[in-house]
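Taking it in order: structure first as structure tokens, then the write-up.
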Amino acid sequence: MSDSQDFDLIIIGAGSGGVRLARTSAARGARVAVVESRYLGGTCVNVGCVPKKLFVYGASVNDELEDASGYGWNVPVDDVSFDWPTLVTNKTAEIERLNGIYGRMLENAGVTVIEGTASIKDPNTIVVGDKQYTTAHITVATGSWPVVPDIPGKDLVLTSNEMFYLPQLPEKAIVWGGGYIAVEFAGILAGLGVDTTLLYRGDLFLRGFDDDVRRFTEQEMRKKGVHLEFGVTIESVREEGAHYQVQLSNGDVRETGLVMAATGRRALVDGLGLTELGIELSASGHVVVDDYFQTSVPSITALGDVIGTPQLTPVALAQAMVLSRRLFGDGKGEMDYTAIPTAVFCQPPIGTVGLTEEEAREAGHSLKIYRTEFRPMKYTLSGRDERCMMKLVVDEPTDRVLGAHMVGLDAGEITQGLAVAIKAGATKAQFDATMGIHPTSAEEFVTMREPVR
């Protein structure tokens, strides 16, 4: 650490990874600054996982009201009304509270927050507005940004960013895409009473998830009233009065009140000056780094969504811990990207950890597959036609559980616990020897005895 420079580390981007790197590095004695042009907390806190989960909670209330009568509650569902602006306002107030918490955390850690848009002048200098700052290390943690395909009328298409501040709900909506963001927003809109269609160019959404999970989720989403259309994409959008005319690749024309694209995200590197410095970008536009987050310029590192690793907040947090240790700690530490648990907060939600059946077979494993499907106990009195699916992927020679997958109530909560077991290398025999908690859905993971294939 050199006193001749303003800082030991400047981080561009105050998202989850940037804030964690700043705090842990400052705790190790480094002089740290964070530059942020938008909002503290990044995508996750402001236009990602946190507000999305709040919207999912809001969209789930209608189901709870409908189920109430089966448990003796007289709820006049026909008289129930929903006010979208109230949900948006309350969500925004919570996000602003979290922004304040992030600001105080950085302040208490002794981190300097610089507001503005940064560019990198040279390997040890950044420029923000009319000021320059020198530093021993620079970390790019600028995240990613939604992409709308280049079609006629693309300026009429919203992304997840705008959805969190939508002034009013339409009667009809089209969600364009097949990843988890598209699936989640289709569920949110449908749950709030919007006539929702999800369009995806592939033959089935959620590519990369276990095929049983994908097919089961399709079945359950259709029950929820979401219109799913595969093998089709949008060719153009045009305004027609208060609505939009959407031209599809199959020749159909649809009228809708809203079009949302969840068709991918790109690394947010515009204006940083990376290529001018000789920093390599991948074909997909991500910053190329080695296993220790080092770019092709020795003093510049990068982490989080901008480097193209799994776009999950816990991944960025873990990367920040490793990088801080390597820069200002004992120089050790490395990332392990195996068995990363994740959830999709559709309705019902998905929880998954470890290998899918398809991945395990491609890796050459000889497998035993355990699978169960049932109606959750919660719906036995209400009569709701919603089911749960659980699956274990087991390596037959070693008996090790390679993957656990679930679609159903509390899938994310249940999968987090299973992730510990799978990370520890638990066997199916150890699952079987574990006592279940009765009556719960989770106990099914330790009571599946006969393989289905």
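Any value given below was found using the heavy atoms of this structure, including those in side chains, with hydrogens, waters and symmetry copies removed.
- A salt bridge does not link Lys223 with Glu386: none of the charged nitrogens is closer than 4.0 Å to a carboxylate oxygen.
- Using a 4.5 Å cut-off on side-chain heavy atoms (C-beta onward), Ile120 and Leu274 make contact.
- The salt bridge (Lys or Arg N to Asp or Glu O under 4.0 Å) with Glu229 is formed by just one residue from the set Arg222, Arg254, Arg201; it is Arg254.
- Geometrically, Lys91 engages Tyr165 in a cation-pi contact defined by less than 6.0 Å to the ring centre and at most 45° from the axis.
- Annotation: cation-pi geometry satisfied between Lys53 and Phe345 (NZ/CZ under 6.0 angstrom from ring centroid, within 45° of ring axis).
- The shortest distance between side-chain heavy atoms of Phe205 and Leu228 falls below 4.5 Å.
- Ring geometry for Phe164 against Phe55 counts as tilted: the plane angle lies between 30° and 60°, on a 0 to 90° scale.
- Using a 4.5 Å heavy-atom cutoff, the side chains of Ile350 and Thr415 are not in contact.
- Ser249 and Thr233 form no side-chain donor-acceptor contact under 3.5 Å, judged by distance and modelled atom types alone.
- Ile95 places a side-chain heavy atom less than 4.5 Å from the side chain of Pro51.
- Closest heavy-atom contact between Thr338 and Lys423: O-NZ, 2.8 Å.
- Side-chain contact check for Glu162 and Thr159: at least one donor-acceptor pair (N or O, by modelled atom type) lies under 3.5 Å.
- A donor-acceptor contact under 3.5 angstrom links the side chains of Tyr337 and Gln319, judged on distance only.
- Side chain to side chain, Asp63 and Ser60 fail the donor-acceptor criterion of an N or O pair below 3.5 Å.
- Put simply, the side chain of Trp84 reaches to within 4.5 Å of the side chain of Leu166, judged on heavy atoms.
- Looking only at side-chain heavy atoms (C-beta outward), Met260 and Ser160 come within less than 4.5 Å of each other.
- Around atom CD of Glu358, more than 12 heavy atoms belonging to other residues, nucleotides or ligands sit under 6.0 Å away.
- Around atom CD of Glu94, more than 12 heavy atoms belonging to other residues, nucleotides or ligands sit under 6.0 Å away.
- Ring-plane geometry between Phe7 and Tyr133 is classed as tilted, the angle between the planes lying from 30 to 60 degrees on a 0 to 90 degree scale.
- Residues Glu36 and Arg38 are not paired through a salt bridge, judged by the lack of any N-O separation under 4.0 Å between the basic side chain and the carboxylate.
- Between Arg361 and Glu357 a salt bridge is recorded (basic side-chain N to carboxylate O distance below 4.0 Å).
- Between the side chains of Thr352 and Thr342, no donor-acceptor pair is found at a separation under 3.5 Å.
- Applying the 6.0 Å contact sphere to OH of Tyr57 captures no more than 12 heavy atoms from other residues, nucleotides or ligands.
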